[in-house]
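Small disclaimer: the values here were computed from a predicted structure and weren't measured. Letters A, B, ... mirror the listed sequences (proteins, then strands); counts begin at 1.
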Amino acid sequence: MRIATWNVNSLKARLERVEDWLSYAHPDVLCMQETKMADAAFPTLAFQALGYEAAHHGSGRWNGVAILSRVGLEDVVAGFSGATEDETVESRLISASCGGVRISSVYVPNGRSLDSEHYQAKLEWLGQLRDHLLETCDPADQVAVCGDFNVAPEDRDVFDPAKFRATTHTSEPERDAIRRLSEWGLVDAFRELYDQDRLYSWWDYRAGDFHQHRGMRIDLILASRPLAKSARWGLIDRFARKGKSPSDHAPVLIDFEV
DNA sequence: ATGGTAGCGCTGCTA
């Protein structure tokens with residue numbers, strides 16, 4: 001099973017690129033983030049025409065997550081288990097069972113700056129994600145949590161660690177939150193396959209960062225151990241970050257033998 | 001050097 005994740009930075013602006021990418025990358029499952037649209041605007045038929053079922057959770061101009069699958073899409077849950085209306089309004093999590101794997105598409109809050117209340121909210125959100133997984137999943141099963149985590153797990157996941165000393169994405173509390181997910185039983189599956197540095201999935205639009213390969217690896221596929229064990233090959237598709245009007249993120253994909 | 005670009009949508013916020 002080929003599982004992919006891609007922060008598309010507006011599905012309305014990127015639909016044609018996403019369709020093209022589905023046609024040549026042929027993922028079995030694609031988790032998307034930052035669709036930036038309401039459920040009513042989601043192009044279900046466009047994906048159906050390519051053989052994908054879809055589940056979307058979005059409320060408007062910000063956030064928005066989706067799962068596309070051509071290996072079945074069952075037991076869709078939007079937001080955290082037992083969350084109130086308020087907590088789901090940001091549309092940052094959707095989960096579904098696809099071909100025997102419990103898959104979540106996550107868009108972790110950015111955090112903005114270390115002294116911001118949004119940074120505290122980011123840490124709380126990551127804690128809620130952990131609680132949600134504890135309540136709804138078993139790490140002995142096939143589980144994949146995919147998306148834009150807005151955290152670079154290690155210094156080697158950032159082009160210049162010194163530049164990011166007092167910023168979000170690299171702080172210890174954020175990395176601790178990711179480590180706690182690992183302790184529960186989720187493996188950074190791309191890292192298991194590829195150990196080198198300079199593997200980035202996001203580049204700032206500004207200052208020619210993509211061209212200079214000044215990026216970060218913040219788009220992750222976290223897999224339970226039974227699933228991670230079957231990972232065979234992976235790719236960060238930088239080709240999809242080139243050309244006219246790309247997303248600022250590249251798709252990340254992994255082939256699993258399930 | 002605190003810039004730069006992109007999306008949404010029409011003013012400035014978010015990333």
Judged by nearest nucleotide, the residue sitting upstream toward the 5' end of DNA chain B, A:P246 or A:W202, is A:P246
Relative to the 5' end of DNA chain B, which residue comes earlier, A:D204 or A:K12, by the nucleotide with the nearest heavy atom?
-> A:D204
Are A:S10 and B:dC8 close enough that a side-chain N or O sits under 4.0 Å from OP1 or OP2?
-> yes
Parallel, tilted or perpendicular: rings of A:H213 and A:Y200 (30°, 60°) | tilted
So A:Y24 and A:F239, would you call those rings parallel, tilted or perpendicular, with 30° and 60° as cut-offs?
-> perpendicular
Measure the distance from [atom1] on [X] to [atom2] on [N] and round it to the nearest whole Å.
X      : N      : atom1 : atom2 : result
A:K244 : B:dA6  : NZ    : P     : 11 Å
A:H118 : B:dA15 : NE2   : C1'   : 12 Å
A:N63  : B:dA15 : CG    : P     : 7 Å
A:H249 : B:dT5  : NE2   : C1'   : 13 Å
A:R61  : B:dA6  : CZ    : P     : 19 Å
A:D248 : B:dA6  : CG    : P     : 10 Å
A:D148 : B:dT14 : CG    : P     : 17 Å
A:R112 : B:dT14 : CZ    : P     : 4 Å

Which residues pass the ring pair (Phe, Tyr, Trp, His ring centres under 6.0 Å) test with A:F159, sequence neighbours left out?
-> A:F164
Sequence neighbours excluded, the answer for ring pair (Phe, Tyr, Trp, His ring centres under 6.0 Å) partners of A:F190 is A:Y194
What pairs meet the side chain to side chain donor-acceptor pair (under 3.5 Å) rule with one or both residues in residues 223-233 of chain A, with sequence neighbours excluded?
-> A:R232-A:E257
Show every donor-acceptor pair shorter than 3.5 Å between a side-chain atom in residues 93-101 of chain A and any protein atom, with sequence neighbours excluded, or say none if there are none.
from, atom 1, to, atom 2, distance (Å)
A:S95, OG, A:S104, OG, 2.8
A:S97, OG, A:R102, NH1, 2.9

Salt bridge (charged side-chain N to carboxylate O under 4.0 Å, His left out) contacts in which one or both residues fall within residues 2-17 of chain A, not counting sequence neighbours = A:R2-A:D255
Positions of residues 205-222 of chain A (non-hydrogen atom under 4.0 Å from DNA chain B), listed by number = A:Y205, A:R206
Sorted by number, residues from residues 156-167 of chain A placing a heavy atom under 4.0 Å from DNA chain B are none
What nucleotide, of B:dA15, B:dC8, B:dC13, holds the atom closest to the side chain of A:W62?
-> B:dC13
Considering residues at least two apart in sequence or located in another chain, which fulfil the side chain to side chain donor-acceptor pair (under 3.5 Å) criterion with A:T168?
-> none
Residues passing the side chain to side chain donor-acceptor pair (under 3.5 Å) test with A:E154, sequence neighbours excluded, are A:R156
Considering only atom P, compute the distance from B:dG12 to B:dT2 and round it to an integer number of Å.
-> 23 Å
